[in-house]
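The next block holds one structure in the form of structure tokens; read it before the comments.
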Amino acid sequence: MQPVKHALREFAALIGVEHDSTTHKEKLLATLGALFGILFVSVVSLTLADGAAAGLLVASMGASAVLLFVVPHGALSQPWPVFAGHVISAAIGVLCYRLFPAEAWTPALAVCLAIAAMQYLRCVHPPGGATALAAVIGGAEVHQLGWWFLVNPVLSNVAGMLAIALAFNNFFKWRRYPAHLMKKQYETTSAMAAKLELTEEDFEAAMQKMNTFIDLSTEELIELVDLARQHAEARRAQAGVVIDLRSVRGTDEDERAA
């Protein structure tokens, strides 16, 4: 049975099934936040835009909702990536369609250019790729909007989604948004990390050496290290108590034997 469990754990790790450490309360809050965000965006989209333009933007905003309310402190979820990721990608999509309206490779060109732009402008937001694609394959109603597509529905939807994210997440002190607002809560954490002779610069350098995009802020990484240190200290302290109890029992037994 043990080899089977080990094989299942290895397979889960291989396909990326991560250990879920969030509480039911946190899952419920993330779900409610997404509900309010998408409800607001849907109303705005259907009120200010027509037909295909509204529907396609609601789809890409749905992907943004996952990031904004499930991982509000993630690097991909911050206001600049959300805002610029959508708007810049939309502009690239519109431009690509206007230059190459009838080419089969235009959708791929729009998405790849949007990805490149988001990386260099430090606004990587995966749903932006869907927005660039929508500008190209959205159909006649989307194409007729031209550059107005950037303002409405893209900008209006992004503004609405960010407004809900700010209002909802900041209602709970452990979900402060943007993530920069959490820095005050990390001051003691930073002090703890300093005991390990690690600074924020050290963490940033380590993340750069990994040479891959990590959806984790430096502050969150420091807090993670500190929580792990606290857990390790508590575990060592508990182990010390157990050893002491064993020593006491051993002494009592020796005295009784004598």
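- No continuous path of ILVMFWY side-chain contacts below 4.5 Å connects Val43 to Leu32, so the two sit in separate hydrophobic clusters.
- In this structure the side chain of Leu28 never reaches within 4.5 angstrom of the side chain of Lys25, judged on heavy atoms.
- At least one side-chain heavy atom of Ile164 sits less than 4.5 Å from a side-chain heavy atom of Phe69.
- Closest of all the heavy-atom pairs between Phe149 and Thr131 is CE2-O, 4.2 Å.
- Side-chain contact check for Val151 versus Ser156: every heavy-atom pair is 4.5 Å or farther apart.
- Heavy-atom minimum distance, Arg175 versus Pro72: NH2-CG, 4.0 Å.
- Criterion: ILVMFWY side-chain heavy atoms under 4.5 Å apart, direct or through other members. Under it, Leu99 and Leu113 are part of a common hydrophobic cluster.
- Closest approach of His125 and Gly85 over heavy atoms only: CB-CA, 4.2 Å.
- Leu166 contributes atom CG, which lies 9.0 Å from atom CG of Leu68 (distance to the nearest 0.5 angstrom).
- Ser60 places no side-chain N or O within donor-acceptor distance of the main-chain N or O of Ala130, the cut-off being under 3.5 Å.
- A chain of hydrophobic side-chain contacts below 4.5 Å, direct or via other Ile, Leu, Val, Met, Phe, Trp or Tyr residues, connects Leu121 to Leu109.
- The backbone N or O of Ser77 sits less than 3.5 Å from a side-chain atom of Tyr177, completing a donor-acceptor pair.
- Residues Val158 and Ser64 form no side-chain contact, since every pair of their non-hydrogen atoms from C-beta on lies 4.5 Å or further apart.
- Looking at Asn170, its side chain never comes within 3.5 Å of a backbone N or O of Ala165 through a donor-acceptor pair.
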Checking Lys27 against Thr23 for the side-chain contact (heavy atoms from CB on, under 4.5 Å) test, could you report, in this order, the C-alpha distance in whole Å, the side-chain angles of both residues, the deciding distance, and whether it holds? CA-CA 6 Å; Lys27 290 182 177 69; Thr23 63; over 6 Å; no

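- Val44 and Leu39 fall into different hydrophobic clusters, where Ile, Leu, Val, Met, Phe, Trp and Tyr side chains are chained together by heavy-atom contacts under 4.5 Å.
- Remark: the backbone N or O of Arg176 is paired with a side-chain donor or acceptor of His73 at under 3.5 angstrom.
- At least one side-chain heavy atom of Leu29 sits less than 4.5 Å from a side-chain heavy atom of Trp174.
- A donor-acceptor distance shorter than 3.5 angstrom exists from the side chain of Gln78 to the backbone of Ala179, with no hydrogens or angles considered.
- Between Ile38 and Met161 the shortest side-chain heavy-atom distance falls below 4.5 Å.
- Note: the hydrophobic cluster containing Trp148 also contains Phe83 (ILVMFWY, side chain heavy atoms under 4.5 Å, direct or indirect links).
- Between Leu76 and the choices Pro127, Pro126, Pro81, the side-chain contact (heavy atoms from CB on, under 4.5 Å) rule is met once, by Pro126.
- Residues Ala110 and Gly93 approach most closely at CB-CA, 4.1 Å, considering heavy atoms.
- In terms of heavy atoms, Leu150 sits closest to Ala91 at CD2-CB, 3.6 Å.
- At a threshold of 4.5 Å between non-hydrogen side-chain atoms, the residues His86 and Leu155 do not count as touching.
- Ring geometry for Phe168 against Phe172 counts as perpendicular: the plane angle is over 60°, on a 0 to 90° scale with 30° as the lower cut.
- With hydrogens and angles disregarded, no donor-acceptor distance shorter than 3.5 Å links the side chain of Trp147 to the backbone of Val94.
- The nearest pair of heavy atoms linking Ala135 to His143 is O-CD2, 3.4 Å.
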